[in-house]
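These notes concern the structure reproduced below.
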Amino acid sequence: MTTKVVKIDNKVRMITGKLAPHLEIQWEHYTLAELQSLLETVVRFEIEHNFRRHKDYKDSKGANIQVFNDANELKVTSLKDELLIIHDSQIDSQ
């Protein structure tokens, strides 16, 4: 797995998971709330249109994407498998 780290003002956003290397998103331009709806659409598109790469995340109804928001963390799952985790942390300034 790959972890991307993006600095946003006094925060660090860490992005990891099986889909992290496949998504080119300007992570620093979105709040977690904005990312929640964006990722639902983008991940569904990625899974539906790259069938060979992501065939384990589709069933007869297509991509079953769920995005969970837990204050400072988003988790994107499909068929109960975590595909992407986005976590925001404060940077301590000393």
Side-chain angles (χ1 to χ4, degrees):
M1 260 193 276
T2 301
T3 299
K4 296 180 182 181
V5 179
V6 179
K7 185 177 183 300
I8 307 167
D9 298 324
N10 62 341
K11 290 191 273 185
V12 170
R13 177 167 290 160
M14 295 172 282
I15 304 104
T16 191
K18 297 171 185 175
L19 288 183
H22 304 292
L23 299 177
E24 291 297 324
I25 296 175
Q26 298 298 316
W27 300 100
E28 63 275 11
H29 294 287
Y30 299 96
T31 65
L32 284 180
E34 291 169 330
L35 281 171
Q36 184 172 1
S37 61
L38 177 70
L39 287 172
E40 219 170 301
T41 304
V42 169
V43 171
R44 181 173 284 112
F45 182 86
E46 171 69 19
I47 289 173
E48 298 266 341
H49 290 86
N50 288 304
F51 177 75
R52 287 189 178 104
R53 184 187 301 159
H54 306 300
K55 63 185 175 192
D56 296 337
Y57 306 115
K58 287 177 69 170
D59 62 11
S60 60
K61 295 178 184 174
N64 290 308
I65 303 303
Q66 292 181 303
V67 181
F68 300 98
N69 188 343
D70 184 21
N72 64 342
E73 186 171 270
L74 291 178
K75 288 185 182 181
V76 180
T77 65
S78 179
L79 300 176
K80 298 184 181 181
D81 193 5
E82 287 183 350
L83 303 178
L84 195 62
I85 298 171
I86 298 95
H87 181 83
D88 282 356
S89 298
Q90 291 293 113
I91 298 175
D92 293 331
S93 57
Q94 298 178 10

Any side-chain heavy-atom pair from [X] and [Y] closer than 4.5 angstrom?
X	Y	answer
D81	K18	yes
K4	T16	no
V12	V6	no

(request) Return yes when atom CG of D9 has more than 12 non-hydrogen atoms of other residues, nucleotides or ligands closer than 6.0 Å, and no otherwise. (result)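 Open: at most 12 neighbouring heavy atoms sit under 6.0 Å from CG of D9.
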
Return the minimal non-hydrogen interatomic distance between [X] and [Y], and the atom names on each side.
X	Y	value
A71	L32	O-CD1, 3.7 Å
Y30	R13	O-NH1, 2.7 Å
E24	P21	OE2-O, 4.5 Å

(request) With sequence neighbours excluded, tell me which residues meet side-chain contact (heavy atoms from CB on, under 4.5 Å) with S89. (result)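 By the side-chain contact (heavy atoms from CB on, under 4.5 Å) rule, S89 matches M14, H87.
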
(request) Mind checking the NZ-CD spacing from K11 to Q90? Nearest 0.5 Å is all I need. (result)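 K11 atom NZ to Q90 atom CD measures 6.5 Å (nearest 0.5 Å).
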
(request) For E28, enumerate each residue passing the salt bridge (Lys or Arg N to Asp or Glu O under 4.0 Å) test, keeping only those at least two apart in sequence or located in another chain. (result)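 So E28 forms no salt bridge (Lys or Arg N to Asp or Glu O under 4.0 Å) with any residue.
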
(request) List in chain and number order the residues that pass salt bridge (Lys or Arg N to Asp or Glu O under 4.0 Å) with R44, two or more places apart in sequence or in another chain; answer none if no residue qualifies. (result)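 Listed in chain order: nothing, the list is empty.
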
(request) With sequence neighbours excluded, tell me which residues meet side chain to side chain donor-acceptor pair (under 3.5 Å) with T77. (result)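 With neighbours one apart ignored, the set is empty.
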
(request) With sequence neighbours excluded, tell me which residues meet side chain to side chain donor-acceptor pair (under 3.5 Å) with N69. (result)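 Side chain to side chain donor-acceptor pair (under 3.5 Å) list for N69, sorted by chain: Q36.
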
(request) Determine whether I8 and L35 fall in the same hydrophobic cluster, where Ile, Leu, Val, Met, Phe, Trp and Tyr are linked whenever their side-chain heavy atoms lie under 4.5 Å apart. (result)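 Both belong to a single hydrophobic cluster.
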
(message) Could you see if L38 belongs to whatever hydrophobic cluster contains L19? Use Ile, Leu, Val, Met, Phe, Trp, Tyr and a side-chain cutoff under 4.5 Å.
(response)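 Linked, L38 and L19 end up in one cluster.
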
(request) Could you please spell out the steps behind the side-chain contact (heavy atoms from CB on, under 4.5 Å) verdict for V43 and L23? (result) CA-CA 8 Å; V43 171; L23 299 177; 4.2 Å; yes

(message) Among I85, L39, L84, D88, exactly one meets side-chain contact (heavy atoms from CB on, under 4.5 Å) together with L74. Which residue is that?
(response)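 So the option named by the test is L39.
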
(message) Test of understanding: with ring-ring contact (aromatic ring centres under 6.0 Å, His included), list the residues that count as partners of F45, not counting sequence neighbours.
(response)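 H49.
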
(message) Donor-acceptor pair, distance only, cut-off 3.5 Å: does the side chain of E40 make one with the backbone of S37?
(response)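 Side chain of E40 to backbone of S37, a donor-acceptor pair under 3.5 Å: no, none is there.
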
